[in-house]
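Take a look at the structure set out below.
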Amino acid sequence: MDLNHAADVEAFRAEARDWLAAHVPATPLPSLETREGFAAHREWEALLHSARWSVVSWPEEYGGRGVDIEHWLVFEEEYWAAGAPGRVSQNGINLLAPTLFDHATDEQRARVLPSMASGETIWAQAWSEPESGSDLASLKSRAVRTEGGWLLSGQKTWSSRAAFADRAFGIFRTDPEAPKPHQGLTYLMFDLHAPGVTVRPIGRLDGKPAFAELFLDEVFVPDADVIGEPGQGWRIAMSTTGNERGLTLRAPGRFLAAADRLVELWQSHGDPADTALRDRVADAVVGARAYQLFTWANASRFAAGETIGAESSLNKVFWSQYDIALHESALDLLGPDAELADGAWAEPWIFSLAGPIYAGTNEIQRDIIAERLLGLPKGRR
Amino acid sequence: MRFLPTEEQSDFARTLHGLLAASDVPAAVRAWGAGDHTPGRALWARIAATGLFALAADEAHEGMGLMPLEMAGGFVELGRAGVPGPVVETAAAAVLLTRLGDEALAKRFLPGLAAGETSATLTLPGAGPYALDADAATHLFTVSAAGELRLAAGAGPLRTSIDPARRLALPDAGGELLAAGPAVITAARDAADWARLLTAAQCLGTGEALLARTVEYAKQRTQFGTAIGGFQAVKHRLADTLIGLEFARPLLWAAALSLAPGEVAAAKLTAGEAAYAAAMTALQLHGAVGYTEELDLSLWLRKARPLRDAWGSPSQCRAAVLQERLR
């Protein structure tokens with residue numbers, strides 16, 4: 001057992017650090033959940049891509065560097081430590097791209113991935129529906145066969161990034177007669193500017209349109225934009241949600257950097273007599289390290305050829321709770337300045353509050369942990 | 001980087017696991033708590049035969065060299081089985097004597113400790129005043145804040161812990177002066193880090209034992225005509241218990257790899273809190289029967305709190321984590 005990176009990984013780290021030091025914007029970009037910020041972040045994605053840092057783990061032919069998960073984790077550490085902007089393209093890169101690598105045709109990969117890597121096409125996810133959240137298999141939006149493709153109708157909601165994004169991906173019911181709710185679903189991609197699509201931005205708690213409702217009225221999708229076999233959408237989507245909860249959505253680097261900033265805040269704002277708050281700062285340091293090490297152990301399992309299944313639910317509950325606790329500690333350290341909406345910790349705190357809700361609520365994750373990892377009986381939800 | 005135990009490391013833990021599973025550890029714990037050390041010593045001899053204590057002594061004195069990673073893996077199993085006695089203290093004493101590098105002292109004490117023929121308990125500067133199991137240990141070492149290592153002649157009256165299998169006593173003042181000076185202080189600091197690391201390992205094993213027993217109980221115990229393990233409120237407490245333990249484990253590994261004080265403190269803090277949370281969940285989900293000493297569960301339930309606080313309370317560990325960060 002060891003925690004030392006090989007020389008090539010450390011060289012990669014140094015290269016990333018140098019590039020980021022030279023290119024990370026000196027002043028933070030406007031929030032990516034605004035039209036102005038979305039455009040600025042799209043430019044940042046293009047700059048990242050020009051030096052092949054936007055998708056380091058992808059094969060080189062699609063704009064990546066073909067590196068393994070250890071390199072990727074190291075890159076993420078450097079990325080967040082450098083104070084680089086949030087990733088406006090993360091839905092596409094973390095959720096759709098893994099699905100394309102596993103299930104798409106060569107033609108689809110060649111057509112979709114390069115513009116995703118460059119930020120030219122920003123993707124929104126379209127999973128949830130007004131009556132289908134954690135019980136995703138109950139979704140009702142349908143795709144009906146037509147000549148050369150499918151016609152989408154129905155309503156999607158909580159569609160992250162959809163207010164300003166270009167395209168979306170999701171699953172739709174193609175066989176209403178299928179005997180079970182998770183059968184007869186199809187995974188496909190569609191254009192958010194296609195005829196029949198209405199996008200209604202939804203303001204999140206701070207009013208920024210971080211997501212949207214999508215109303216779909218016979219939106220045409222060519223056969224070329226169906227991923228995998230029609231009817232297999234559930235199986236394909238599940239491999240994507242595993243990614244969402246597992247390693248790729250929240251790299252430990254993000255929390256290590258946030259914990260560092262919290263320690264700095266403690267040094268500048270902390271009251272030495274407030275040992276309760278000091279202890280929470282210590283917990284944030286320990287939690288980030290625990291998450292990093294847990295992820296390294298999982299990465300080592302991957303490298304040894306093992307797969308991670310329900311264990312990704314442990315991750316999701318851990319980081320989502322950790323994220324909130326860390327940001328609450330920061331707000332407590334700021335005292336009267338904490339409530340100022342333009343403060344450095346206000347938007348990240350708002351962002352953290354969604355963690356236990358999305359990517360499968362923490363209640364559902366705990367059910368998965370209890371049933372699949374501890375072997376407890378299935379019960380009514 | 002390969003942050004997983006090697007086959008050899010896993011095999012060693014499995015060997016201990018099998019040995020302990022085949023021993024009647026609960027009977028030894030109950031006897032130990034009643035002052036009868038015979039079954040506990042027999043258990044100790046079987047554990048020592050695996051080479052566990054040799055992992056805390058150098059090769060010149062019948063040891064295997066200091067191998068904290070293997071030792072921590074072994075101590076997870078001791079915690080899981082609920083093994084009584086000054087196991088952590090014996091290992092820490094062996095580390096102290098190995099680190100001190102005093103040939104005469106090493107020759108006098110280490111071979112016996114490494115082979116498991118003798119046991120030791122000790123008090124170190126900055127840690128609690130009580131020596132664990134001073135009535136049962138072969139040697140009672142003390143290190144003063146000024147750096148005097150002594151062999152105490154005896155100890156005050158035995159005090160019982162919340163865990164009856166842990167028996168505490170204040171060492172008598174004085175005793176044979178074995179060594180003194182800065183080297184003692186340095187060696188004692190290393191020994192304290194080992195004690196903290198191995199207690200963290202014991203905590204992790206204790207927490208895992210509590211969780212496993214509670215999961216089994218929740219599958220069998222029925223209320224309202226169904227197994228309580230099917231209720232979401234029960235499942236979620238058990239899921240949270242598993243999360244706590246699973247995120248403590250890699251901290252323990254990293255601490256054993258580096259033995260850096262901040263890493264060791266992080267591991268102890270996290271494993272101690274996870275084990276105590278596991279105990280509280282076990283108690284709640286077992287209900288009234290869990291609140292009795294008759295059920296074997298009590299052997300682990302009563303350990304979780306003292307182990308959480310021994311060799312570094314959560315507060316001390318948090319301070320150590322931040323101290324390393326702000327240095």
Side-chain angles (χ1 to χ4, degrees), chain A residues 1-6 9 70 73-74 259-260 263 266-267 270 275 278-287 289-301 303-304 306 311 313-318 321-322 362-363 365-371 373-381, chain B residues 1-6 9 69-70 73 211-212 214-216 218-219 226-258 262-263 265-267 269-270 273 314-315 317-326:
Chain A
M1 184 187 294
D2 81 88
L3 270 173
N4 300 316
H5 300 298
V9 181
E70 183 182 350
L73 288 164
V74 163
D260 279 344
V263 171
W266 164 251
Q267 287 180 284
T275 52
R278 184 200 64 196
D279 282 354
R280 287 162 56 196
V281 174
D283 286 344
V285 170
V286 172
R289 179 67 169 157
Y291 186 56
Q292 179 191 37
L293 292 165
F294 185 82
T295 306
W296 289 124
N298 279 337
S300 299
R301 285 196 183 91
E306 291 180 42
E311 293 86 348
S313 295
L314 298 169
N315 257 20
K316 200 268 168 169
V317 177
F318 183 88
Q321 296 191 147
Y322 172 85
N362 282 10
E363 285 73 19
Q365 303 311 317
R366 289 188 175 96
D367 284 347
I368 293 170
I369 292 165
E371 290 166 16
L373 300 180
L374 296 176
L376 289 164
K378 272 186 176 286
R380 286 186 65 80
R381 301 277 181 240
Chain B
M1 186 204 66
R2 187 183 183 280
F3 191 49
L4 286 177
T6 62
Q9 286 158 353
L69 204 52
E70 287 73 6
L211 174 61
T214 309
V215 166
E216 283 316 302
K219 286 182 195 172
T226 181
I228 63 169
F231 298 138
Q232 210 175 28
V234 170
K235 281 178 171 170
H236 288 191
R237 276 200 79 151
L238 291 168
D240 283 335
T241 304
L242 181 67
I243 292 169
L245 293 166
E246 287 298 324
F247 280 86
R249 187 193 323 280
L251 285 168
L252 178 70
W253 290 348
L257 273 172
S258 74
E263 295 267 38
L269 166 68
T270 310
E273 296 283 33
S315 176
C317 289
R318 287 188 174 102
V321 165
L322 273 191
Q323 193 186 349
E324 186 158 284
R325 254 329 247 269
L326 299 177

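Here is the naming used below: chain letters follow the sequence lines, and residue numbers restart at 1 for every chain. Keep in mind the model is a prediction, meaning the values are calculated, not measured.
A donor-acceptor pair under 3.5 Å is absent between the side-chain atoms of Lys235(B) and the main chain of Ile369(A), judged by distance alone. Within the 3.5 Å criterion, the main-chain N or O of Phe3(B) finds a donor-acceptor partner in the side chain of Ser300(A).
In this structure, CG in Leu374(A) is found 5.0 Å from CG in Leu242(B), a value given to the nearest 0.5 Å. A distance of 4.5 Å separates CD in Gln267(A) from CG in Leu326(B), rounded to the nearest 0.5 Å. Here Leu4(B) contributes atom CG and Glu306(A) contributes atom CD; the two are 7.0 Å apart, rounded to the nearest 0.5 Å. A distance of 9.5 Å separates CZ of Phe294(A) from CH2 of Trp253(B), quoted to the nearest 0.5 Å. Residue Met1(B) holds its CE atom at 4.5 Å from CD of Glu70(A), rounded to the nearest 0.5 Å. Atom CG of Leu322(B) is separated from atom CZ of Arg278(A) by 7.0 Å, given to the nearest 0.5 angstrom.
Contacts between Val215(B) and chain A at a heavy-atom distance below 4.5 Å involve backbone atoms as well as side-chain atoms. Of the atoms belonging to Glu363(A), heavy atoms from both backbone and side chain fall under 4.5 Å from chain B. Using a 4.5 Å cut-off between heavy atoms, Ala303(A) does not touch chain B at all. Both the backbone and the side chain of Asp2(A) have a heavy atom closer than 4.5 Å to some heavy atom of chain B. Within the 4.5 angstrom heavy-atom criterion, only side-chain atoms of Leu69(B), from C-beta onward, approach chain A.
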* Asked: What's the verdict on side-chain contact (heavy atoms from CB on, under 4.5 Å) for Asp283(A) and Arg318(B), showing C-alpha distance, side-chain angles and the deciding distance?
  -> CA-CA 7 Å; Asp283(A) 286 344; Arg318(B) 287 188 174 102; 2.7 Å; yes

* Where do Met1(A) and Gln9(B) land on the side-chain contact (heavy atoms from CB on, under 4.5 Å) test, with the steps shown first? -> CA-CA 9 Å; Met1(A) 184 187 294; Gln9(B) 286 158 353; 4.0 Å; yes

* Carefully, step by step, assess Asn315(A) and Phe247(B) under the rule side-chain contact (heavy atoms from CB on, under 4.5 Å). => CA-CA 9 Å; Asn315(A) 257 20; Phe247(B) 280 86; 4.1 Å; yes

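For chain B, the option among Val317(A), Leu373(A), Thr275(A), Val285(A) with the highest count of heavy-atom pairs below 4.5 Å is Val285(A). Of the listed residues (Ala6(A), Gly287(A), Ala297(A)), the greatest number of heavy-atom pairs within a distance under 4.5 Å of chain B belongs to Ala297(A).
In terms of heavy atoms, Leu376(A) sits closest to Gly229(B) at CB-O, 3.6 Å. Looking at every heavy atom in both residues, Pro377(A) comes nearest to Ala227(B) through CG-CB, 4.3 Å.
With no hydrogens or angles considered, no side-chain donor-acceptor pair links His236(B) and Asn362(A) at under 3.5 Å.
Between Arg366(A) and Asp240(B) a salt bridge is recorded (basic side-chain N to carboxylate O distance below 4.0 Å).
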